[in-house]
Amino acid sequence: MSELRLYDAMAREKRDFVPADPGRVTMYVCGPTVYGRAHVGNFRPEVVFDVLGRVLRHRFGANALVHARNITDVDDKIMAAAEREGVAPSAVASRYEAAYAEDAAALGVVPPTLAPRATEHIGQMIALIERLIAAGHAYEAAGHALFHVPSDPDYGVLSRRDREAMLAGARVEVAPYKRDPADFVLWKPSAPGVIGWESPWGRGRPGWHLECSAMIGAHLGETIDIHGGGIDLQFPHHENELAQSRCAHRGVPLARYWLHNGFLNMGEMAKMSKSLGNVATVPELLAAGHRGETIRLALLSAQYRQPLAWTEALLVQSKATLDRLYRAAGDAPSAEPDAGVLDALDDDLNTPLALARLAAIEDAGGIRASAALLGLLGGSADGWFQGGAEDAGAIEAAIVARLDARKRRDFAEADRIRADLAEHGILLEDGAGGTTWRRA
RNA sequence: GGCCCGAUGGCGGAGUGGUGACGCAGAGGACUGCAAAUCCUCGCACGGGGGUUCGAUUCCCCCUCGGGCCUCCA
């Protein structure tokens, strides 16, 4: 077996993946702020780290992985949405948390081991701030608690930001109560009537970066193996998270490997969406006739760090690829995964190469087992080709009528029946064992 | 403006200092009443300009274009 190698943003190179404890591999991926329906791009990390989870379980054992993905359920955008709708922020949060789970499930994502919510860890967050203040890394000012960036000589190691350049390019006015322009909020005051919790610094709510540090500490430990998220989160979110945790934990690093997925390039879709006044969400894509597994394959068609051009054509192509794979896999039970596919995934999750090798596998059981590492081909071939079609009985009847016509050599009638079915999205195939049908 | 990443055939996308995977689409053939599926064959692409080198798509520099970040966007 080859070594699993992952590109670590901290080292800026691929490194052999060696967990601190092979019996308990810990992975934390930044999850959604639940203020609205997430679009497909939001699910790239979800699918990518789901594949990584599958690879890790294959390598270290089915129960060896602890995979946490947070839900940010307190945030100004949630409050704004609640305000608009005249409902409680918790109502907005729980609605979109459910929607997120539903969309992720449609893409074949295994629910993470843990899905902690920010609002359920306020106590831990307050305790973390107190530790930071006691250690001289944070201070209180005007009802806020702030992290003092100059107190941390290692600040910036992850994103390698040049402090001067950062300040020069700052687009946002510096709040007057900050001791240093780079200081960031750990806790901020809540006005009466809006969501908030009592704290040593008055009634308020946590800053964005704090929850991840607190929940990682509470559920996974001081140092985790893998920390993941979108490339946009590298700075400031992960940098700040890292600084908070390291400073609160005597300099112990927060994560051993930092992974960031690239963005979907929404060029064409964005244009399409713009004219429709919305963005491409999973339910919209499903309603347009694309299946979750098709969307999943499309999301895996580029290596996760690369940008991926997201287009309608990509979905059409992904569907055709699945047709072929399901046909090749048939009803074979899962066997052993292919070494070539494993090697490709071991090389920093090279999913396009894995897909290429998957296409070359001869043995059906090997196809299924290998596809399972990618979270594909989870269903039966019949389910893929015929599932969801309405009125299978009528289709069967039409097939019988067509066979009868063919026996009479009335090919005009036979072709008319076939064309009629095709108009309803049903394709016929005359094989050696008789005529079968499938959805277009 | 600063920092960072990307640019490969019609499309998606691997990979590499020395004859450029794979998939989808397309073309031709076999098969079929005709199709579909399957099998065989084919298309000969590394953004532009310099440089290093015996040789660059691969390394270096510049340019162009696209994307990300620059305090709460996956």
Side-chain angles (χ1 to χ4, degrees), chain A residues 9 12 29-33 38-49 72 75-77 147 149 159-175 178 181-185 188 206-211 228-237 239-240 260-267 297-321 323-325 327-328 344 347 350-360 385 406 409-412 414-415 418-419 422 427-432 435-438 440:
Chain A
R12 298 235 172 152
V29 182
C30 288
T33 299
H39 62 85
V40 257
N42 295 291
F43 290 97
R44 169 123 93 144
E46 209 60 48
V47 168
V48 161
F49 289 101
T72 300
D75 169 272
D76 288 4
K77 283 199 282 278
F147 185 90
V149 169
S159 56
R160 301 193 193 172
R161 297 271 158 170
D162 175 68
R163 182 185 155 77
E164 301 310 317
M166 238 167 66
L167 295 179
R171 294 174 305 193
V172 177
E173 235 174 288
V174 177
K178 287 187 178 182
D183 290 355
F184 57 90
V185 171
K188 59 182 163 188
W208 175 39
H209 318 297
L210 189 62
E211 59 172 285
I231 184 64
D232 57 318
L233 296 180
Q234 188 178 64
F235 187 89
H237 183 55
E239 192 71 61
N240 290 355
H260 297 107
N261 64 272
F263 266 40
L264 253 42
N265 191 328
M266 303 285 280
L297 176 59
L299 287 171
L300 293 174
S301 60
Q303 199 267 352
Y304 75 93
R305 285 188 287 121
Q306 301 306 123
L308 171 62
W310 188 258
T311 61
E312 179 73 18
L314 177 64
L315 288 164
V316 171
Q317 163 180 329
S318 299
K319 193 268 183 187
T321 301
D323 281 342
R324 186 175 171 282
L325 286 174
R327 198 179 301 279
D347 183 17
N350 192 337
T351 52
L353 187 57
L355 256 3
R357 292 185 172 163
L358 187 62
F385 288 118
R406 290 180 71 203
R409 302 199 65 80
D410 182 358
F411 296 120
D415 290 351
R418 184 170 63 195
L427 303 180
L428 299 187
E429 293 175 5
D430 298 323
T435 298
T436 57
W437 62 273
R438 66 185 170 102

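We use all heavy atoms of the structure for the numbers below, so side chains are in, but hydrogens, waters and symmetry mates are not. Naming convention: chains lettered A, B, ... in sequence-line order (proteins, then strands); numbering from 1 in each chain.
Rounded to whole Å, the distance from CG on A:D75 to P on B:C72 is 11 Å. As a whole-Å value, the separation of A:L300 CG from B:G12 P is 17 Å. Atom CG in A:D232 sits roughly 15 Å away from atom P in B:G67 (whole-Å rounding). Atom P of nucleotide B:G23 and atom CG of A:L315 are separated by 20 Å, given to the nearest angstrom. Here B:C73 presents its C1' atom at 14 Å from CG of A:L264, a figure rounded to the nearest Å. The nearest whole Å value for the distance from the NE2 atom in A:H260 to the P atom in B:G68 is 16 Å. Atom P of nucleotide B:A74 and atom CG of A:N42 are separated by 5 Å, given to the nearest angstrom. The nearest whole Å value for the distance from the CZ atom in A:F235 to the C1' atom in B:C73 is 14 Å.
Side chain of A:D183 to backbone of A:V149: a donor-acceptor contact under 3.5 angstrom is found. Between the side chain of A:T351 and the main chain of A:L300, a donor-acceptor pair closer than 3.5 Å is present. Looking at A:D347, its side chain never comes within 3.5 Å of a backbone N or O of A:A344 through a donor-acceptor pair.
Among the heavy atoms of the strands, none lies under 4.0 Å from A:E239. Within 4.0 Å of A:Q234, counting heavy atoms only, lies no atom of the nucleic acid at all. A:G229 comes within 4.0 angstrom of sugar-phosphate atoms only, judged by non-hydrogen atoms across all strands, and of no base.
Classification of the A:H237-A:H209 ring pair by plane angle, with boundaries at 30° and 60°, yields tilted.
Pairing each heavy atom of A:A309 with each of A:L314, the nearest pair is O-CD2, 3.6 Å. Minimum interatomic distance between A:L210 and A:P206 (heavy atoms only, all atoms of both residues): CD2-CB, 4.3 Å.
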If you restrict it to nitrogen or oxygen atoms, what contacts under 3.5 Å exist between nucleotides 26-30 of chain B and the protein, and what is each distance?
none

Under 3.5 Å between N/O atoms: give me all the protein pairs with nucleotides 36-43 of chain B, atom names plus distance.
unit_1: B:A36; atom_1: O2'; unit_2: A:E429; atom_2: OE2; d: 3.3
unit_1: B:A36; atom_1: N1; unit_2: A:D430; atom_2: O; d: 3.4
unit_1: B:A37; atom_1: O3'; unit_2: A:R327; atom_2: NE; d: 3.2
unit_1: B:A37; atom_1: O2'; unit_2: A:R327; atom_2: NE; d: 3.4

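An aromatic stacking contact links A:F263 with the base of B:A74, defined here by ring centres under 5.5 Å apart and ring planes under 30° from parallel.
Closest contact between the side chain of A:K77 and the listed nucleotides B:G23, B:G33, B:C73 involves B:C73.
Between A:K188 and B:C72 there is no side-chain N or O to OP1 or OP2 distance below 4.0 Å. For the pair A:N265 and B:G6, the criterion of a side-chain N or O lying under 4.0 Å from OP1 or OP2 is not met.
With both pairing distances under 3.5 Å, B:U32 is matched to nothing as a Watson-Crick or G-U wobble pair. The nucleotide B:C22 finds its pairing partner in B:G12, both defining distances of the Watson-Crick or G-U wobble pair being shorter than 3.5 Å. When both pairing distances are held under 3.5 Å, B:A27 makes a Watson-Crick or G-U pair with B:U41. Base pairing of B:G47: its partner is B:C63, meeting the Watson-Crick or G-U wobble criterion (both donor-acceptor distances under 3.5 Å).
Between A:D323 and A:R327 there is no salt bridge, since no side-chain N of the basic residue sits under 4.0 Å from a carboxylate O of the acidic one.
Rounded to the nearest Å, the gap between the P atom of B:G23 and that of B:C4 is 38 Å. B:U57 and B:U64 have their P atoms separated by 22 Å, given to the nearest Å. A distance of about 11 Å separates the C1' atoms of B:C73 and B:G68, rounded to the whole Å.
Applying the 90° cutoff around 0 to the glycosidic angle, B:G47 is assigned anti.
Considering only heavy atoms from C-beta on, A:R418 stays 4.5 Å or farther from A:T435 through its side chain.
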